[in-house]
Amino acid sequence: MVYPFGGHHIQKFYWGTKETLLPVYTSLKKAVSKHLDVDVVIKAIALIAEGVPEFHAREILWKANGKGVLITGPTAVGGRVGDSGGMMENIIASKLYRPGSVCYVSKSGGMSNKLNNILSIVTNSTNEGIAIGGDRYPGTTFINHLLRYEADPECNMLILLGEVGGIEEYRVIEAVKSGKIKKPIVAWTIVWPTRDRRWEEQGDEGFVVPDSFEELFRALKETYEDLVRGGTIVPKKELSLLLSLWTTNGQELLYAGIKILEVFREHIGLGLPPWATKFVEMVLILTADHCPNVSGAMNTIDLISSLTSGLLTIGSQFSGALDEAASMFSNARDTGLTPREFVDQARKQNKLISGIGHKIKSVNNPDLRMLVKEYVRKNFPSHSLLDYALAVEKGTTAKRDTLILNVDACIAVYSVDLLCDSGAFTPEEADEYIRIGTLNGLFVLGRSIGFIGHHLDQKRLRAPLYRHPADDIFITMADVG
């Protein structure tokens with residue numbers, strides 16, 4: 001890595017699920033001299049720095065032209081949008097995970113994400129997008145990239161987003177008139193309320209120019225559909241399934257991009273610290289709980305039927321309250337409510353606190369499965385939400401001794417402490433995993449083991465199909481007379 005500001009040092013980085021050390025140098029020349037076996041060929045450079053002096057910008061441009069290097073910027077946001085499309089959610093939403101048929105060049109970097117989103121709606125999405133920046137002496141201009149797009153067989157439709165002022169648009173107009181650019185160009189000048197007069201003067205020859213920014217959607221959609229009808233663009237089949245966890249494509253199964261043999265060989269496991277991995281194992285053991293009394297264990301016909309019918313009973317009233325409990329306790333703590341205020345607020349709203357209360361267990365008859373909290377206190381680097389939940393429990397059990405933290409609540413707060421404090425997840429990732437149902441998924445995984453065990457136990461004992469005793473059923477009917 002080359003980083004001019006920190007001096008020569010060794011920096012730790014993540015490589016997949018493992019850590020590695022990379023040497024960091026203050027100049028490319030120094031890096032090359034230390035690693036002579038590296039083949040260094042730089043074909044393009046993106047300058048994202050702002051405030052580059054004009055003299056330096058012209059000097060960079062002169063040297064780059066002499067060496068045949070493509071410069072984007074200064075003050076650019078990057079090159080191919082697949083590399084600079086933001087977070088994974090944005091890349092998927094804008095369909096940047098596979099190339100489309102549309103290429104654009106824009107002066108505005110901020111408009112790039114907006115345009116990516118528009119193109120994902122009205123076309124088959126972006127193939128390549130460049131934001132060249134708004135400097136007086138840019139490394140590349142509209143014509144440089146539009147000529148590249150013209151020569152690219154994967155690019156069938158061009159977009160130019162300009163700004164008020166400048167003459168670079170005229171060079172594009174000349175290229176269209178001379179026949180150097182034959183592909184259709186949708187052109188718009190940013191912050192201009194109506195059509196740019198430069199396009200008006202040319203009579204829109206070779207260009208599609210919307211009357212306003214609001215009309216840009218329509219112009220892009222109609223131009224794309226014309227190319228599809230003419231056979232220039234053959235729309236690609238939309239992917240039915242997006243995966244990021246595993247794949248069987250190729251010679252070897254991959255988990256999160258890591259070959260399965262490497263997972264075994266390097267003992268990667270869950271990719272969490274040992275104390276966190278041990279906790280997940282304990283949760284699976286706790287949640288298996290396949291006693292025959294609960295509603296999920298009442299149906300036993302064959303293995304699959306037993307498992308699926310049992311899983312269908314899981315919900316907020318039976319064991320599936322981990323996500324809701326995690327959300328309620330976290331929100332109360334994070335909004336500054338004291339445990340007492342949290343309990344009083346729920347009482348005033350006539351609202352049950354998810355994860356509080358057990359039908360059998362109480363303060364005087366504790367659930368021994370809750371001994372996991374001692375493991376959490378001893379091994380977790382932090383357990384702030386557990387401490388908060390225990391303070392809430394003191395308030396609820398003062399009203400009734402069965403209003404204890406049940407398994408759902410305990411596993412929920414343990415898991416939140418793990419997600420937030422293990423160092424394996426960013427705060428954003430932790431919030432997302434809670435929001436999308438990861439904690440309930442962990443419970444379902446463990447309880448599936450229990451349902452399967454219950455089914456196998458019934459088969460081993462040759463037990464008949466369950467039939468509820470008639471004397472345990474009370475039937476009431478209205479007087480039909």
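Computation of the quantities below employed the complete heavy-atom set of this structure, encompassing side-chain atoms and omitting hydrogens, waters and symmetry-equivalent molecules. Bear in mind the structure is a predicted one, so any value in this text is a computation, not a measurement.
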*asked:* Determine whether Leu439 and Ile411 satisfy the following criterion, side chain to side chain contact (heavy atoms under 4.5 Å, CB included), listing intermediate values before the conclusion.
replied: CA-CA 8 Å; Leu439 305 188; Ile411 293 178; over 6 Å; no
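- Residue Phe329 holds its CZ atom at 10.5 Å from CG of Leu386, rounded to the nearest 0.5 Å.
- The CG atom of Asn365 sits 8.0 Å away from atom CD1 of Ile404, with the distance rounded to the nearest 0.5 Å.
- Residue Arg400 qualifies as open at atom CZ: its count of foreign heavy atoms under 6.0 Å is 12 or below.
- Of all heavy-atom pairs spanning Thr126 and Gly129, the tightest one is CG2-N, 4.0 Å.
- Nearest approach of Arg333 to Ser384, heavy atoms of both residues: NH1-OG, 3.0 Å.
- Contact check for Leu119 versus Tyr104: side-chain heavy atoms found under the 4.5 Å cut-off.
- Among all heavy-atom pairs drawn from Asn364 and Asp401, the shortest one is ND2-OD2, 3.7 Å.
- Taking OG of Ser448 as the reference point, atom CZ of Phe443 lies at 9.5 Å (rounded to 0.5 Å).
- When every heavy atom of Ala276 is checked against every heavy atom of Leu418, the shortest pair comes out as CB-CD1, 3.6 Å.
- A 4.5 Å side-chain heavy-atom check between Tyr388 and Val413 finds every atom pair outside the cut-off.
- Rounding to the nearest 0.5 Å gives a distance of 10.0 Å between CG of Leu22 and NE2 of His9.
- Between the Thr277 side chain and the Pro273 main chain, a donor and an acceptor come within less than 3.5 Å of each other.
- In this structure, the side chains of Thr402 and His358 stay at 4.5 Å or more apart for every pair of heavy atoms.
- Ring pair Phe279/Tyr414 is perpendicular by interplanar angle, where above 60° counts as perpendicular and below 30° as parallel.
- One N or O on the side chain of Asp417 and one on the backbone of Leu385 form a donor-acceptor pair closer than 3.5 Å.
- With contacts defined as side-chain heavy-atom distances shorter than 4.5 Å, the pair Trp188/Ile159 does not qualify.
- Ser415 and Leu442 get closest at one heavy-atom pair: OG-CD2, 4.4 Å.
- Remark: side-chain polar atoms of Ser106 are not paired, donor with acceptor, to backbone N or O of Ser112 under 3.5 angstrom.
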_Show, in sequence, the C-alpha distance, side-chain angles and deciding distance for Leu161 and Lys114, and conclude whether the side chain to side chain contact (heavy atoms under 4.5 Å, CB included) test is met._
CA-CA 12 Å; Leu161 288 183; Lys114 180 70 173 176; over 6 Å; no
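- Counting only heavy atoms from C-beta outward, the side chains of Thr123 and Thr223 never approach each other to under 4.5 Å.
- If you take CD on Glu128 and CD on Glu154, they are separated by 11.5 Å, rounding to the nearest 0.5 Å.
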*Any chance you could lay out the side chain to side chain contact (heavy atoms under 4.5 Å, CB included) test for Phe380 and Asp421, step after step, and finish with the verdict?*
CA-CA 8 Å; Phe380 278 33; Asp421 301 318; over 6 Å; no
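- Not one N or O on the side chain of Ser327 forms a donor-acceptor pair closer than 3.5 Å with the backbone of Asp323.
- Looking at Ile130 and Tyr149, their side chains come closer than 4.5 Å, going by heavy atoms from C-beta outward.
- One finds the CG atom of Asn440 at 9.0 Å from the CD atom of Glu324 (value rounded to the nearest 0.5 Å).
- At a cut-off of 3.5 Å, with distance as the only test, no side-chain donor of Thr335 or Asn331 sits close to an acceptor on the other residue.
- A salt bridge is defined here as a Lys NZ or Arg NE, NH1 or NH2 lying under 4.0 Å from an Asp or Glu carboxylate O, and Lys378 with Glu374 fails to meet this definition.
- In this structure, the side chains of Asn124 and Pro235 stay at 4.5 Å or more apart for every pair of heavy atoms.
- Within the 4.5 Å cutoff, no side-chain heavy atoms of Ser354 are placed close to those of Asp408.
- Smallest separation of non-hydrogen atoms from Lys30 and Tyr25: CG-CD2, 3.8 Å.
- Here the side chain of Glu215 pairs no donor or acceptor atom with the backbone of Pro210 at under 3.5 angstrom.
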_Between Leu405 and Ile356, is the side chain to side chain contact (heavy atoms under 4.5 Å, CB included) condition met? List the steps._
CA-CA 5 Å; Leu405 289 173; Ile356 289 288; 3.6 Å; yes
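- Although no hydrogens or angles enter the test, the distance criterion places a donor-acceptor pair under 3.5 Å between the side chain of Asn406 and the main chain of Gly357.
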